[in-house]
Amino acid sequence: MGVHSDDVVLIQKGKQPGEPCVITVNCPDKTGLGCDLCRIILEFGLCITRGDVSTDGRWCYVVLWVVPHPVSLTISWGNLKNRLLSVCPSCSVSFYFNQHSSRSTPSPVYLLKLFCLNRKGLLHDVTQVLCELELTIQRVKVMTTPDGRVMDLFFITDGMELLHTKKRQDETCEQLNSVLGESCVSCELQLAGPEYEIQQEFSSILPVAAEELFGCELLDKETRTQALSADLTKLKKASVTIDNSLSPAHTLFQMHCVDQKCLLYDIMRTLKDCNIQQTDGKKIVDPEKQSTLCSRLKVEMLHPLRVTIANRGPDTELLVANPVELSGKGRPRVFYDVTLALKMLGICIFSAEIGRYSASGRQWEVYKFLLEESHEFRLSNSQARTQVVDRVRRTLMGW
């Protein structure tokens, strides 16, 4: 007895342009399923506008209303359905006996080498092609040579699991050549070797920048660049309350905050990392656990991403950080959004790097961008720096 695979994930497209599409998932439950579903949906460039989740701890029914962001984005709904199915537990009875022993095999990592002529928006254009091809960026190393050329090293995985085929590799390089045109000098794609492990060793972060990014008092310190701009001060207000009286078997969390692009993902990610799944009907009654969980959720709603800008010698460095899931997965499309914001500002990127960093008892994914000074945008000016941080944060949050 179970649900036919075609009925596990159903996608109903909107009847009119701009009307939300409805994604329904009906399958056995597991800890973190909501987080996994939200991450995949975000990877496809969709925003979740509404959600309804029901579960008894063994079986769940999830309904999500989604819209493309931007609205002109073309979505491969068939591929999205396959990706969502891939994280749904088996609908067979044997699942209940094997759910703790099953482990997903990590996708192989490939190295994409691009040698290009430098121009504004180049890095975002490459990133956009990779996202459209459902290729996920795991690590990046971008370097500009003295003669104005750029060497891009992208360590990527394939959501379609087809990058080992010549057809898929040729498709990737052809699409990049088509978009980059004469800017692209060469394009190579191969299975990553030891250089991927080396690339995970992140270069140092200046102490001042590290304190700005990973300080534990972000909710109270308004002098930090993490503090929001004047017209967004209302976003510093968020509340989380717990109620154990409305349900005989479950604890109710009520959360109030300003909407943002990845809000449901951030909530589900936090609950997953805290291993919250009430399968035994036991409520969360311990006051200390309640307080810790409420504080964690509030921080994640207000500051799911950290953005700062600092001097590195004579240069200007933009840093963006987000928590890594305990599963090791990073936040979707951060590199895409940051490069888009910098492209819209007309700022060239001299070098870029993605790596992991441990701080405050957690692992973080950190994005470092060395920015080029220009006549149009004087990065030595504090007002210009504030504008960069504000635009990057707005783009990441979907404001």
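Interatomic distance, CG of Leu297 versus SG of Cys257, reported as 10.0 Å (0.5 Å rounding). Distance check, rounded to the nearest 0.5 Å: SG of Cys47 to OH of Tyr265 gives 14.5 Å.
Residues Leu122 and Leu133 share a hydrophobic cluster, clusters being chains of Ile/Leu/Val/Met/Phe/Trp/Tyr side chains in contact below 4.5 Å. Side-chain heavy atoms closer than 4.5 Å link hydrophobic residues (I, L, V, M, F, W, Y) into clusters, and following such links, possibly through other members, connects Trp399 to Leu345. Residues Leu271 and Val324 do not share a hydrophobic cluster, clusters being chains of Ile/Leu/Val/Met/Phe/Trp/Tyr side chains in contact below 4.5 Å. The cluster map of Ile, Leu, Val, Met, Phe, Trp and Tyr, joined by side-chain heavy atoms under 4.5 Å apart, puts Ile11 and Ile41 in the same cluster. The same ILVMFWY cluster, assembled from side-chain heavy atoms under 4.5 Å apart, contains both Val142 and Val179.
Annotation: side chain to side chain donor-acceptor pair (under 3.5 Å) contacts involving residues 173-190, sequence neighbours excluded, comprise Arg119-Ser183. Residue pairs meeting the side chain to side chain donor-acceptor pair (under 3.5 Å) criterion with at least one partner in residues 60-71, sequence neighbours excluded, do not occur; the list is empty.
Proximity of Leu46 to Leu80: side-chain heavy atoms (C-beta onward) are separated by under 4.5 Å at one or more points. Between Ile354 and Val366 the shortest side-chain heavy-atom distance does not fall below 4.5 Å. Side-chain contact check for Cys35 versus Glu325: some heavy-atom pair is nearer than 4.5 Å. Residues Phe253 and Thr251 have side chains in contact (heavy-atom distance under 4.5 Å, counting atoms from C-beta outward). Counting heavy atoms from C-beta on, the side chains of Glu317 and Lys368 come closer than 4.5 Å. With contacts defined as side-chain heavy-atom distances shorter than 4.5 Å, the pair Ile349/Glu372 does not qualify. Residues Thr24 and Val62 form no side-chain contact, since every pair of their non-hydrogen atoms from C-beta on lies 4.5 Å or further apart. Looking only at side-chain heavy atoms (C-beta outward), Leu252 and Ile242 stay at 4.5 Å or farther from each other.
Not one N or O on the side chain of Trp364 forms a donor-acceptor pair closer than 3.5 Å with the backbone of Arg356. Counting only distance, with no hydrogens or angles, the side chain of Asn322 and the backbone of Leu305 share no donor-acceptor pair below 3.5 Å. In this structure, the side chain of Ser360 does not engage the main chain of Arg362 through any donor-acceptor pair within 3.5 Å. Side-chain N or O atoms of Lys283 include one that pairs as donor or acceptor with a backbone N or O of Ser247 at under 3.5 Å. Judged purely by atom type and a 3.5 angstrom limit, Glu132 has no side-chain atom pairing as donor or acceptor with the backbone of Thr127. Checked by atom type and distance alone, the side chain of His124 pairs as donor or acceptor with a backbone atom of Tyr336 at under 3.5 Å.
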task = Apply side-chain contact (heavy atoms from CB on, under 4.5 Å) to the pair Leu371 and Phe350, showing each step before the final yes or no.
result = CA-CA 6 Å; Leu371 308 180; Phe350 181 79; over 6 Å; no
inquiry  = Using the rule given for side-chain contact (heavy atoms from CB on, under 4.5 Å), can you reason through Glu373 versus Ser380, listing the C-alpha separation, both sets of side-chain angles and the distance that settles it, and then say yes or no?
reply    = CA-CA 8 Å; Glu373 187 86 15; Ser380 55; 4.0 Å; yes
Step-by-step side-chain contact (heavy atoms from CB on, under 4.5 Å) determination, Leu180 to Val126 = CA-CA 8 Å; Leu180 300 179; Val126 174; 3.9 Å; yes
key: Stepwise side-chain contact (heavy atoms from CB on, under 4.5 Å) test for Met255 and Met301   = CA-CA 9 Å; Met255 308 171 200; Met301 287 190 294; 4.0 Å; yes
query = What's the verdict on salt bridge (Lys or Arg N to Asp or Glu O under 4.0 Å) for Asp315 and Arg312, showing C-alpha distance, side-chain angles and the deciding distance?
reply = CA-CA 5 Å; Asp315 301 315; Arg312 180 170 280 276; over 6 Å; no
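Asp36 has a carboxylate O that lies under 4.0 Å from a charged side-chain N of Arg39, or vice versa, which qualifies the two as a salt bridge. Classification of Glu365 and Arg331 as a salt-bridged pair fails, no side-chain N sitting under 4.0 Å from a carboxylate O. Between Lys167 and Glu171 there is no salt bridge, since none of the side-chain N atoms of the basic residue sits less than 4.0 Å from a carboxylate O of the acidic one. One finds no salt bridge joining Arg306 and Glu212 here, because no Lys/Arg side-chain nitrogen approaches an Asp/Glu carboxylate oxygen to under 4.0 Å.
Residues Asn311 and Arg385 bring a donor and an acceptor atom of their side chains to less than 3.5 Å of each other. A donor-acceptor contact closer than 3.5 angstrom is absent between the side chains of Gln254 and Asp243.
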Contacts table for residues 148-165: side-chain donor-acceptor under 3.5 angstrom, sequence neighbours left out:
from, atom 1, to, atom 2, distance (Å)
Thr157, OG1, Gln138, NE2, 2.9
Asp158, OD1, Met160, N, 3.0
Asp158, OD1, Arg168, NH2, 2.7
Asp158, OD2, Leu162, N, 2.8
Asp158, OD2, Leu163, N, 3.0
Asp158, OD2, Arg168, NE, 3.1
Glu161, OE2, Ser107, OG, 2.5
Thr165, OG1, Leu162, O, 2.7
Thr165, OG1, Arg168, N, 3.3

In residues 286-294, what donor-acceptor pairs under 3.5 Å come from side-chain atoms, sequence neighbours left out?
from, atom 1, to, atom 2, distance (Å)
Asp286, OD2, Lys289, N, 3.2
Gln290, NE2, Ile284, O, 2.7
Thr292, OG1, Glu288, O, 2.9

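Residue Met143 qualifies as enclosed at atom CE: its count of foreign heavy atoms under 6.0 Å is above 12. Counting heavy atoms of neighbouring residues, nucleotides and ligands inside a 6.0 Å radius, atom CD of Glu19 exceeds 12 of them.
Here the closest heavy-atom approach between residue Thr308 and residue Leu318 is recorded as O-CD1, 3.5 Å. Asn381 and Gln383 make their closest contact through OD1-N, 2.8 Å (heavy atoms, listed as atom of the first residue, atom of the second, distance). Considering all non-hydrogen atoms of both residues, Val392 and Val338 come closest at CG1-CG2, 4.1 Å.
Under the salt bridge (charged side-chain N to carboxylate O under 4.0 Å, His left out) criterion, Lys261 pairs with Asp337, sequence neighbours left out. By the salt bridge (charged side-chain N to carboxylate O under 4.0 Å, His left out) test, Asp170 is found to be paired with Lys166, residues two or more places apart in sequence or in another chain being considered.
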